[in-house]
Amino acid sequence: MRLFRIRGGVHPNERKDATKDKAIVNLPLSEKLFLPLQQHIGAPSRAIVEVGDVVKKGQLVAKAAGPISAAIHASTSGTIAAIGPHPVPHASGLMGRAVTLIPDGKDEWGETMPPLSDDADPKDIANRVADAGIVGLGGATFPSSVKLNLGERHDLDILLMNGAECEPFLTCDDRLMQEHTDELIQGIRLMARALGVKQTIIAIEKNKPKSAAAMEAATQDDAGIQVVQVPTRYPMGSEKHLVHTLTGRETPARALTADIGVVVHNIATSFAVYEAVKLGRPLVSRVLTISGGAVKEPKNVRTALGTPIKDLINFCGGLTEKPQEILSGGPMMGQPLRSTDIPTVKGMNGVLALTAKDTQRGQTHACIRCGTCVSVCPVGLMPLEVMRNIQNDQLDAAVDTGLMDCIACGSCSFACPSNIPLVQNMHYAKGHLTAQQRTQHRNEEAKRLAEDKIRRVEKEAAERKAMMEKKKAAAAAAKAAKEKAAAEAAAKEGGDA
Ligand code: SF4
Ligand code: SF4
């Protein structure tokens, strides 16, 4: 297959050796699990359990609260101990609402959903994925059922399974592809069926030859699935760049890859789809990589969703030194975790405890206008210009210079010889703009409600006035009729006399 070159990109040290040959191991259940109600892009789920409820593994604990939302299920059997604020993995560092579940130790499944056949109706597959609460497991956390329904509104021809796993340290997708090849392929076929596409491409970076060999062997008799090894170049795993590499198609700014005929799903999502459709099991666990220079025994673990990070780290032998930072996800795009009480969530593909040597964050110097950040930016921005606008508090100008097109890949910060935290500035500005937009939306909504109220009051007053006038007119008419009748009666009496 002809591959197209992506713009920019960098080659960070892969650091995958610590876990790439380590088989996935199951983490024992924690004493308490915490299930945040916001584990996906969209509206937070609505809890349907109460404190004191006894639940089975896989039982629905929170419903999707709208078309872009996702259901949440109990990760094990036990008792609901609380529903309220708890530390959650969010860039803001704020608490979020979570359901606290105390496991009973039996890990007993409740009633599972009936398995669907390979030739199930495409709509039934997408509905099952929604019922199972599956979201993109690569970190994007967009509800997968919504993406599986995109064929209704878009002219699609390719399902692209993203097995690039381009972030340093992370190897959980690599291990899944080697250890659960058949389940992944079954899940991928079901996803292609739901989308109604005939061509599927599984993209794997060249640094994972064992995964590529396993996936090729499992699909050699299937003309509809192609395994393609793509160059090891960060951020190859970015949806739009992967689509361009494999098809040469450019996704317009702020458009979806579906607009150019391609739907991209993370490879791990197909495992969750397999479990939901073929075993009737909702998403209650996931595989993630625990690594970084401060972790004693880095591992790939399968863990119940809601497990506190500290239990994952302890399972890996604990920390050898105080980490400089603990991240959810990879070092390029990962988010700092402010507490190890934070639980694992659906989109968390790794936990990294990084030392100062890992981060290699030197002192920040002034910009020397070398242009390196421009040459590595995969979306063609001038990061130094965007950042200058941000620092001058000119967010409109930052937007004009492409702030909203930034995919926060971190390539510019990584490559900058002056160690300028460019991507951190982008994050800050985007967060600020989002907060501004929220406030503006709230103000507009309040204004609209106030105007509606004034219009309603005026309308009611006008209606009352009209009614009074009508009553008055009716009373006057009645009075006149009465007077006329009295006059007629008097005239008649006079005539008779
Ligand atoms: S890479 Fe750093 S030093 Fe070079 S132009 Fe960009 S911001 Fe300035
Ligand atoms: S973080 Fe944004 S500005 Fe920096 S290289 Fe990536 S896309 Fe470009």
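All ligand and atom numbering here is 1-based and tracks the order in the structure.
Nearest residue to atom 3 (S) of ligand 1 from Asn419, Leu422, Thr364, Ile368 is Ile368 (criterion: closest heavy atom).
With Ile267 as reference, Ile188 is the one residue of Asp174, Ile204, Ile188 to meet the side chain to side chain contact (heavy atoms under 4.5 Å, CB included) rule.
For the residue pair Thr289/Asn300, the side-chain donor-acceptor check at 3.5 Å is satisfied. Residues His265 and Asn162 bring no donor and acceptor atom of their side chains to less than 3.5 Å of each other.
At a heavy-atom cutoff of 4.0 Å, ligand 2 is contacted by the backbone of Ala408 but not by its side chain. Looking at Val379 against ligand 2, only its side chain comes within 4.0 Å, counting heavy atoms.
Annotation: atom 6 (Fe) of ligand 2 to nearest protein heavy atom, Cys409 SG, 2.4 Å. Of the protein's heavy atoms, Cys370 SG, 2.3 Å lies nearest to atom 4 (Fe) of ligand 1.
The atoms of ligand 2 that sit less than 4.0 Å from any heavy atom of Pro378 are 5 (S). Numbered from 1 in the order shown, with element, the atoms of ligand 1 that lie under 4.0 Å from a heavy atom of Arg369 read 5 (S), 8 (Fe). Atoms of ligand 1 found under 4.0 Å from any heavy atom of Pro417, numbered from 1 in the order shown, are 1 (S).
When distances to atom 8 (Fe) of ligand 2 are checked against a cut-off of 2.8 Å, Cys377 contributes an N, O or S atom below that limit. For residue Cys412, no N/O/S atom approaches atom 6 (Fe) of ligand 2 to within less than 2.8 Å.
Heavy atoms of Val376 come nearer than 4.0 angstrom to ligand 2 in no pair at all.
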